[in-house]
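Below is one structure, written out as structure tokens, with a few remarks after it.
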Amino acid sequence: MDIIELDKKYVANTYARSPLVAVSGSGALIKDENGKELIDLGSGIGVNCFGACDEAWVMAVEAQLHKIQHISNLYYTEPQAQLAKLLCEKTGMKKVFFGNSGAEANECAIKCARKYSSDKYGAERSTIITLENSFHGRTLATLSATGQNSMHVHFGPFPEGFKYAPANDFPALEALCDSAVCAVMLELVQGEGGVNPLDKEYVVKAAKLCAENDILLIIDEVQTGNGRTGSLYAYMQYGITPDIVTTAKGLAGGLPLGCAMLGEKVENTMSAGTHGSTFGGNPICAAGALSILSRLDGALMDEVKKKGEYVKSELEGAKGIKSVSGLGLMIGIETEKDAKEIARECLDRGVIVLTAKTKVRLLPPLTIKQEELAKAIQILKGVIAK
Ligand SMILES: *Cc1c(COP(=O)(O)O)cnc(C)c1O
């Protein structure tokens, strides 16, 4: 039986998969089972931030594999401690909780915000405000946090205590921030929602409102984090200091790792026994993340910004394109043609692109070579124009 048939027969039907069986890769090039080479403008979904099998990353992960693959979080490992230190040094956050995914990172943020508030003000102050059209994960609580009604079916009852505000509407946010609110949680560029950056002025005002009312500001950087938008974390371009930052996707360069970074207010909120994870922050993933994070420097961020501007300048005003949105190498393209159709045709022509709602979405490896990027963008333009 071929792989696609095998998968269809035995793997749960939770994905509308595209017909590509990925076998191997190097940087932004992915090989399928027939040896066909494709240029990758998706990095998984913003996960393989240094592309496939980056040499230094492979060496770091392999070296740790030869030492020890796991020990319970009841004990210590060097990679986890070093990674937490590096994250705090690079962000100014104070402590890090490690999980395995974006949803788990957000679960920790939600629990931490509620505990901070209930310790200080009592259990009634537990509401978390998120935005309409947001995406925060697939667990029950993070689905509740996700401001999309279409996600709030089938699996009820859902955890309570979430309210949704329209994006970029400060008066609406202000009106929802009553005495029962403990946190506001935002993606600075809505990823799954269609690559929509928030206005800077709105974000700055929201941060000020939160600070004045001791409402915690949680920034979900699961997708925008780790260099994707041209700064280590997107909040750094908005001139705000969040209380909690969550991230995952690109953090470990392709291994499962998520984290919630805890700022000054909440650094001691979570005490022994209040939260945990069997696998979270395991030494293999942490070693991979150390290799990635230590190379996300200013020079690479400038490169990300430059490549992002190049893609925008190529696409803006091109035939069949209505608009281009995004930040750095997180790019959404509004097209006249159906986005899913475009993604299928690109795949046929050797380019992997993603979609988000009705848009084509690009999340190429941060280290993609300019020639590869240029070639893939020409193919994409051709498909969109046709
Ligand atoms: C992908 C994503 C998540 C969920 O991450 P998982 O690793 O799939 O749990 C949460 N928030 C945002 C903004 C995301 O893009």
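Start at 1 and go down the list; that is how both ligands and their atoms are numbered.
With ligand atoms numbered from 1 in the order given, ligand 1 contributes 15 (O) to contacts under 4.0 Å with heavy atoms of Gln223. Proximity to Asn106 (heavy-atom distance under 4.0 Å) selects the following atoms of ligand 1: 10 (C), 11 (N). Taking every heavy atom of His136 and a limit of under 4.0 angstrom, the matching atoms of ligand 1 come to 10 (C), 11 (N). Counting atoms of ligand 1 from 1 in the listed order, those under 4.0 Å from a heavy atom of Ala103 are 4 (C), 5 (O), 6 (P), 9 (O).
Inclusion of Asp220 in the set of residues having an N or O under 3.5 Å from an N or O of ligand 1 is warranted. Annotation: Glu104 places no N or O atom under 3.5 Å from an N or O atom of ligand 1; distance criterion only. Ligand 1 has a nitrogen or oxygen under 3.5 angstrom from a nitrogen or oxygen of Phe135.
For atom 5 (O) of ligand 1, the closest heavy atom belonging to the protein is Gly102 CA, 3.3 Å.
Remark: Lys205 engages Glu201 in a salt bridge, criterion side-chain N to carboxylate O under 4.0 Å. Comment: Glu314 engages Lys381 in a salt bridge, judged by a side-chain N to carboxylate O separation of less than 4.0 angstrom. Salt bridge status for Arg125 with Asp178: absent, with no side-chain N to carboxylate O gap under 4.0 Å. Using a cut-off of 4.0 Å between Lys/Arg side-chain N and Asp/Glu carboxylate O, Arg344 and Glu341 are scored as salt-bridged.
To the nearest 0.5 Å, atoms CD1 (Ile215) and OG (Ser179) are separated by 9.5 Å.
For atom 8 (O) of ligand 1, the nearest protein heavy atom lies 4.0 Å or farther away.
Aromatic ring orientation, Tyr202 versus Phe170: perpendicular (interplanar angle above 60°, classes split at 30° and 60°). The aromatic rings of Phe158 and Phe155 sit perpendicular, their planes meeting at an angle over 60°, well past the 30° parallel limit.
Scanning Glu221, Glu192, Lys249, Glu187 for the heavy atom closest to atom 15 (O) of ligand 1 points to Lys249.
Inter-residue side-chain proximity for Ile321 and Glu334 is flagged as unmet; no heavy-atom pair is nearer than 4.5 Å.
At a heavy-atom distance under 4.0 Å, no atom of Arg138 approaches ligand 1. No part of Ile45 comes within 4.0 Å of ligand 1, judged by heavy-atom distances. Heavy atoms of Ser101 found under 4.0 angstrom from ligand 1 belong to the backbone as well as the side chain.
Only one option out of Gln64, His66, His70 pairs with Ile68 in a side-chain contact (heavy atoms from CB on, under 4.5 Å); it is Gln64.
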